[in-house]
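Both backbone and side-chain heavy atoms feed into the values below; hydrogens, waters and symmetry mates do not. On a predicted model such as this, the values are computed, not experimentally measured, just so you know. Order of the sequence lines sets the chain letters (A, B, ...), proteins ahead of strands, with each chain counted from 1.
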Amino acid sequence: MTVMETSTTLDELDVLDIVDAESRPAPRLRVENLRVAFPNRAGPHQVVGGVSFDLARGECVAIVGESGSGKSVTARSLVGLTGRDAVVEADRLELHGRDTRTLSPRQWRHLRGKEVGFILQDALVSLDPLRAVGVEISEALRLHGWGNRASRATRVLELLTRVGVPLPGLRARQRPDQLSGGLRQRALIASAIALDPDVVIADEPTTALDVTVQAQVLDQLEAMKERGASVILISHDLAVVARLADHILVMRDGEVLEQGPAAQVLGAPRHEYTRTLIAAVPSDRTRGTSLSGVALPEQIAAPAARGTVLEARGLVKRFLTPDGLSTVAVDDVSFDLVAGETLGIVGESGSGKSTTARLALALSELDGGEVRLLGQPWSAIPERKRRRLRRRISVVYQDPLSSFDPRWTVERILLDALPADTARAARLPRVRELLAQVGLGEEALSRFPLTLSGGQRQRVAIARALAPRPAVIVLDEAVSALDVTIQAQILDLLVALQRSEGLSYLFISHDLGVISHLSDRVLVMKDGVVVESGPPDDIFLRPRHPYTQELVASIPDFDPKGIS
Amino acid sequence: MTPTSPSSTPRAIALQVLHKLGTALSVLIGAVTVAFFAQTALPGNRATAILNIRAGQAVQRTPEELAQINQQYGLERPLVVQYLDYLVGALRGDFGHSYQQYRPVAEIIGEQLGATVVLALTAIVIAWILMVVWVTLTAGRGPRVGAIGSLVDVTAAALPAYWLGIILLLVFALGLRLFPVIGGTGPAGLVLPALTLAIPLAGFLAQATRTEFERALDQPFVISARMRGQGDLGVRLGHVLRHAILPAITLTGWALGATLSGAVVVESIFSRPGIGQVLVTAVNSQDLPIVVGIVVLISAFYVLANLLVDIAYTIVDPRLKGAAS
């Protein structure tokens with residue numbers, strides 16, 4: 001089977017190469033000193049400066065970097081889709097021994113999909129949302145003149161079966177929005193490998209996916225590798241890369257800072273930045289330590305309150321579907337958040353964790369149960385009476401941009417968040433104090449949210465949450481959209497603030513690493529129900545519930561020290 | 001508008017259809033009501049007006065003359081009774097008699113409606129063809145081509161129909177003699193009037209489509225399609241266009257009604273028969289039953305167009321099927 005699949009796409013040149021080579025066949029892809037620039041007003045702006053690597057049969061080369069590192073541009077340059085106006089240069093750019101620098105658009109079209117497959121992130125938008133997935137897969141076949149209508153339909157079912165989609169006949173007729181995250185990502189993979197390309201480029205193939213789905217996608221990529229495909233994996237996630245890569249390139253600002261065999265780059269990194277990246281990955285092993293290398297304060301402050309600060313008993317929340325039926329989003333959820341501690345709620349999309357956060361904030365009406373804040377009634381009293389207590393509980397969301405008025409400066413955002421009874425003379429000093437607490441300088445006061453970086457925005461959001469001196473902060477996916485080194489800084493900031501201000505956190509995340517790094521207690525939710533709760537060590541090292549076991553098994557094992 | 005929760009149970013669909021029909025009916029009744037009371041709100045005695053229209057002169061009438069007209073048109077009855085009578089008639093397609101022509105309104109409109117509907121539909125089809133070709137060729141091709149594209153959109157959309165019509169007439173009919181000067185209802189006579197309506201409409205549609213087209217071109221699924229080996233034109237026609245035309249479909253619903261009522265200018269320039277001419281004559285001579293009849297007819301077209309838009313929406317974007325709109 002393996003031989004058949006690969007030989008169908010090898011052209012004569014390759015066969016010759018293999019015969020000629022004594023020990024190792026010629027690499028399928030050779031990249032030497034690849035440079036990409038985009039013109040802007042000031043002239044050409046280089047975004048990739050000198051990427052070189054070889055990709056052999058059955059090998060996986062990973063390009064790791066944060067946003068803006070040039071990793072995706074590199075990947076697209078390899079298939080000639082860098083974008084309008086881009087200037088792509090290379091000393092050598094060869095696919096199957098053929099120089100791709102001089103290919104015409106028509107020749108490129110024959111090559112894409114047939115010799116190189118490309119998988120993007122998030123199939124919800126990477127597959128045409130208005131089409132059935134079967135049509136998309138079939139398009140890949142049709143464009144290269146494969147078979148006729150009937151044989152393509154059969155082949156689509158074969159492909160869906162191969163990537164592990166049950167009921168392929170039904171699924172082929174459904175649109176991406178009608179499929180679960182895992183199924184549609186597998187359909188996307190099927191469309192990319194429809195013609196068995198022997199080079200597969202996967203650009204953040206698991207980003208925005210739930211961890212169990214991520215594990216399935218990585219299994220698929222691994223299976224492709226075993227069948228002899230060569231994989232280029234683009235990712236910001238070292239744990240994902242560690243599982244598949246044979247060779248790793250670390251990029252920042254368009255430059256390759258370090259490259260080498262995976263075990264060496266992850267186990268004995270030579271470049272400072274690689275070490276920063278590796279240290280920034282949160283896990284249960286990093287709990288209580290700094291991820292970004294800053295000094296964390298010793299626990300000095302007494303908790304801002306005593307005992308149980310937030311108490312939830314038997315929370316129930318139902319929603320009406322468009323059909324007029326009711327679904328239970330949160331079903332009998334109870335928890336206690338103890339003063340000065342972090343309670344982590346982890347779950348996949350649709351688990352009800354964000355609804356639970358809204359209930360804790362008394363922003364949604366309960367259909368059952370009760371929330372008490374600082375020992376006083378909270379959910380059971382009317383909103384008018386809640387206002388007095390509101391300042392004791394704050395919230396930080398994933399995307400602060402949408403919760404800021406874009407026309408307001410940071411100064412106005414923070415002034416607005418101060419309690420109304422703050423003395424006029426004390427207001428500006430307090431805003432400066434808040435900025436200092438979150439590690440921003442006074443120059444941030446006059447900035448607008450749009451001109452801040454993602455990390456700075458999240459710092460302003462935290463400052464805003466701190467403004468009324470709360471005892472509890474609800475953090476709903478607060479670090480999920482950040483690059484790993486920025487995420488590390490924000491997580492360190494949260495730990496430092498907790499220690500210096502005695503805060504309690506209700507921390508909601510889909511990311512098991514972040515949860516295990518931060519939490520004193522963990523709640524695992526699935527389909528609106530708490531399936532397991534306990535200290536993080538029990539949850540992550542000795543999970544009892546089958547679902548927790550599945551979750552934990554899905555975490556790509558990332559222990560840099562264990563690799564070397 | 002939630003993409004993921006299709007409610008496609010038969011009961012939900014039936015409820016939706018009922019709801020849509022109910023809305024349509026109430027809009028029509030509203031149109032009849034407004035049009036009816038608007039004509040009674042005109043100053044002066046209606047019977048006098050009717051007699052004057054017929055005689056073509058404005059003189060004081062004797063009570064005997066008025067009584068006859070009042071009796072003939074039932075004007076002596078209470079207003080509410082007249083209204084209900086008119087409403088019931090309208091629902092059956094009876095809009096009364098023209099004051100001037102002594103014939104049923106429905107008959108007069110019916111004779112002229114066909115020509116106008118053919119003109120409006122042809123104009124819309126041509127506008128769509130022009131728009132799709134123009135946007136597909138110029139959208140998302142960099143700032144310079146994009147600027148030219150938008151400039152043409154705006155210019156076309158801003159062209160006044162009377163000016164454009166005369167220019168087309170001068171150039172293609174009088175100058176090049178490609179088309180007849182006096183329209184008639186044949187296919188050759190249809191081209192210039194339809195273009196006169198279609199070019200500004202194409203500009204409007206292109207403006208709305210261009211933005212969406214460029215947004216869709218930036219979507220990841222476009223990259224996926226290119227990575228599969230799809231060419232640029234294939235991506236534009238096969239994927240992007242479908243995403244881009246939703247706003248244009250909404251506008252087309254509006255355009256269907258607007259072209260019908262706006263046809264008058266074009267019909268007079270090209271001397272075409274049609275309800276535009278009928279409307280102008282009726283307004284000038286205060287032949288109110290015809291005016292009201294045409295107003296109701298155009299509202300009916302708006303309602304129909306909106307239903308068609310809803311159907312077209314769910315065909316183009318099946319995610320909207322069953323989603324509460």
Could you have a look at [options] and say which one has the most heavy-atom pairs with chain B under 4.5 angstrom?
{"options": "A:Pro129, A:Gly113, A:Ala140, A:Ala192", "result": "A:Pro129"}
{"options": "A:Val79, A:Leu143, A:Leu120, A:Asp128", "result": "A:Asp128"}
{"options": "A:Gln121, A:Arg131, A:His144", "result": "A:Arg131"}
{"options": "A:Arg76, A:Arg109, A:Arg106", "result": "A:Arg109"}

Interchain contact, [X] with chain B, by part (heavy-atom threshold 4.5 Å):
{"X": "A:Leu81", "value": "side chain"}
{"X": "A:Leu188", "value": "side chain"}
{"X": "A:Val125", "value": "both"}
{"X": "A:Glu136", "value": "both"}

Output field: ring centroids B:His243/B:Phe213 closer than 6.0 Å
no
**Request:** State plainly whether the residues A:Arg155 and A:Asp196 are in salt-bridge range, i.e. N to O under 4.0 Å.
**Result:** yes
Side-chain ion pair, A:Asp198 and A:Lys114, N-O less than 4.0 Å:
no
Q: Take A:Arg98 and A:Glu115 through the salt bridge (charged side-chain N to carboxylate O under 4.0 Å, His left out) test and state the conclusion after the steps.
A: CA-CA 12 Å; A:Arg98 183 169 45 172; A:Glu115 293 180 30; 3.3 Å; yes
Donor-acceptor side-chain pairing of A:Glu139 and B:His239 below 3.5 angstrom:
yes
Heaviest contributor of heavy-atom pairs below 4.5 Å to chain A, chosen from B:Ala225, B:Gly231, B:Ala216, is B:Gly231
Just by distance, do the side chain of A:Ser104 and the backbone of A:Gln107 share a donor-acceptor pair under 3.5 Å? yes
Mind checking whether B:Leu241 and B:Arg236 have side chains closer than 4.5 Å, heavy atoms only? no
